[in-house]
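Notes for the one structure printed next.
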Amino acid sequence: MNCFDCAALDTATPAVALCVDCGAALCTRHAHVTAHWLTRTAVINRIVPIDPPARSIRCTVCQAAHDAAPAPVDASWR
Ligand SMILES: [Zn+2]
Ligand SMILES: [Zn+2]
């Protein structure tokens with residue numbers, strides 16, 4: 001499979017990842033990697049991030065949308 005964003009530019013680049021949101025195949029140039037922390041609920045309903053962080057890979061479009069979206073209120077540590 002080739003990179004979806006490169007294909008839009010008439011370039012065939014082998015894909016190395018898939019966007020977690022839209023499923024587009026991506027090359028290293030178009031893949032955006034972000035860390036995100038899984039959580040567990042501790043006593044008194046306190047939500048605690050767990051180390052090490054997990055990984056999300058997004059395309060340029062989904063990464064931009066994700067960055068523009070307001071962060072959830074209870075996730076100030078993300
Ligand atoms: Zn690409
Ligand atoms: Zn995407």
Side-chain angles (χ1 to χ4, degrees):
M1 189 156 26
N2 290 333
C3 171
F4 183 83
D5 286 348
C6 284
L9 303 169
D10 283 334
T11 308
T13 308
V16 295
L18 295 177
C19 173
V20 71
D21 286 332
C22 71
L26 303 166
C27 69
T28 49
R29 199 160 62 84
H30 286 117
H32 298 264
V33 179
T34 50
H36 72 99
W37 281 262
L38 303 177
T39 59
R40 67 184 175 86
T41 303
V43 287
I44 325 176
N45 282 334
R46 202 162 52 90
I47 296 174
V48 179
I50 299 170
D51 269 320
R55 176 173 68 180
S56 294
I57 298 177
R58 288 188 175 85
C59 68
T60 307
V61 173
C62 292
Q63 185 64 48
H66 201 259
D67 289 345
V73 174
D74 64 345
S76 55
W77 34 261
R78 274 183 195 163

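Every number for a ligand or one of its atoms is a count from 1 in the order of the listing. Note that the structure is a prediction, hence the values are computed from the model and not measured. As a basis for the values below, the full set of heavy atoms in this structure was taken, side chains included, without hydrogen atoms, waters or symmetry mates.
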Can you measure from [atom1] ([X]) to [atom2] ([Y]) and round to the nearest 0.5 angstrom?
X	Y	atom1	atom2	answer
C19	F4	SG	CZ	10.5 Å
R58	T34	CZ	OG1	5.0 Å
T11	N2	OG1	CG	10.0 Å

**Q.** Heavy-atom side-chain proximity of M1 to L18 below 4.5 angstrom
**A.** yes
Q) Is there a side-chain contact between H36 and L38, using heavy atoms and a 4.5 Å cut-off? A) yes
(Q) Which of the protein's N, O or S atoms come within less than 2.8 Å of the Zn ion (ligand 1), not counting waters? (A) C3 SG, C6 SG, C27 SG, H30 ND1
Q. Among protein atoms, how many N/O/S atoms lie less than 2.8 Å from the Zn ion (ligand 2)?
A. 4
Q. Between C6 and C27, which heavy-atom pair has the shortest distance, and what is it?
A. SG-SG, 3.8 Å
Q.
Can you list everything that forms a side chain to side chain contact (heavy atoms under 4.5 Å, CB included) with V61? Sequence neighbours excluded, please.
A. C59
**Q.** For N45, all residues meeting side chain to side chain contact (heavy atoms under 4.5 Å, CB included), sequence neighbours excluded
**A.** T41
Q. Between I57 and V33, does a side-chain contact (heavy atoms from CB on, under 4.5 Å) hold up when you go through it step by step?
A. CA-CA 5 Å; I57 298 177; V33 179; 4.1 Å; yes
